[in-house]
Amino acid sequence: MQTLMQWLERQSRTITATLGLVSEDVISSVARSRAEGPSPKAIATTIGLIFIGLVGAINLNTVHGLNFEFFYLLGCAFVGWAAGARAALFCTLVSGAFLFFAETTSAAFGSGWIFFWNSLIRLLAFAAIGWLAAEVGRLTRNLEQKVKQRTARLQEEVQEHKQTSELLHEALQLFKQVTENITDVF
């Protein structure tokens, strides 16, 4: 069965490449990503979207008047921290859609301008916080990498100092032997 699936996949790649529907670069990158598995950013984004979807489902099915904005914001910030600014912006848009549907279905739907400005400010705030979380996550990862590099460099220097200390100790021992036996030489 698996050989049949591999044969079908090869045939579909050949047909799409022959027809020019998809370039060979795209096909090879998709095959590479299948072999490597999903990236950590994709996993974090998926987890964030699932969380936002669950919060959205709860928000749409609960009594109107309950405020779930913090939970949406928490999901956007998590995705921004783990996956970057683009993923946080995508989660912000999904959160905005859920909040839009939750507010439009409520009986307290008021003036159109107030609703529009509230939604716009909310989206901007979510996007800004997601971007800030992404920047903090990026800076944290860079800092961790620099700490690892400098720690490795310091360990190498310590090793060099130990070797130099051993050579100095050997030289001192040799000098001590020479000075103790100098009278015998004369």
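This one's a predicted model, so the numbers in the text were calculated from it and none came from an experiment. As a basis for the values below, the full set of heavy atoms in this structure was taken, side chains included, without hydrogen atoms, waters or symmetry mates.
- Shown here for Phe98 and Tyr72, the closest heavy-atom pair between the two residues is CB-OH, 3.4 Å.
- Cluster membership check: Leu154 does not share its hydrophobic cluster with Leu143, using side-chain heavy-atom separations under 4.5 Å among Ile, Leu, Val, Met, Phe, Trp and Tyr.
- Two different hydrophobic clusters hold Phe51 and Phe78 under the rule that ILVMFWY side chains link at heavy-atom gaps under 4.5 Å.
- By the rule that hydrophobic residues join a cluster once side-chain heavy atoms approach within less than 4.5 Å of another member, Val55 and Val94 end up as members of one cluster.
- Between Asn59 and Leu99 the shortest side-chain heavy-atom distance falls below 4.5 Å.
- Residue Phe126 comes nearest to Cys76 through the heavy atom pair CD2-SG, 4.3 Å, listed as atom of the first residue, atom of the second, then distance.
- By the 4.5 Å heavy-atom criterion applied to side chains, Leu168 and Thr164 are not counted as neighbours.
- In this structure the side chain of Ile52 never reaches within 4.5 angstrom of the side chain of Phe71, judged on heavy atoms.
- Between the CH2 atom of Trp117 and the CG atom of Leu124 there is a distance of 9.0 Å, given to the nearest 0.5 Å.
- Under the salt bridge (Lys or Arg N to Asp or Glu O under 4.0 Å) criterion, Arg86 pairs with no residue, sequence neighbours left out.
- In this structure, Ile121 CD1 and Phe116 CZ are separated by 9.5 Å, a value rounded to the nearest 0.5 Å.
- Within the 4.5 Å cutoff, no side-chain heavy atoms of Leu123 are placed close to those of Ser95.
- Between the NZ atom of Lys162 and the NE2 atom of His169 there is a distance of 15.0 Å, given to the nearest 0.5 Å.
- When all heavy atoms of Ala77 and Ile129 are compared, the pair lying nearest together is CB-CG2, 4.4 Å.
- Within the model, atoms CG of Leu60 and CZ of Phe68 stand 9.5 Å from one another, a figure rounded to the nearest 0.5 Å.
- The NZ atom of Lys146 sits 14.5 Å away from the CZ atom of Arg141 when rounded to the nearest 0.5 Å.
- Thr140 approaches Val136 most closely through the heavy-atom pair OG1-O, 2.7 Å.
- Classification of Glu135 and Arg138 as a salt-bridged pair holds, one side-chain N sitting under 4.0 Å from a carboxylate O.
- In terms of modelled atom types and a separation under 3.5 Å, the side chain of Thr45 and the main chain of Lys41 share a donor-acceptor contact.
- The distance from atom CG of Leu93 to atom CZ of Phe90, rounded to the nearest 0.5 Å, is 7.5 Å.
- A donor-acceptor pair under 3.5 Å is formed between the side chain of Asn181 and the backbone N or O of Gln177.
- Closest approach of Cys91 and Leu49 over heavy atoms only: SG-CD2, 3.7 Å.
- Hydrophobic clustering places Ile58 together with Phe70 (ILVMFWY residues linked when any side-chain heavy atoms are closer than 4.5 Å, directly or through intermediates).
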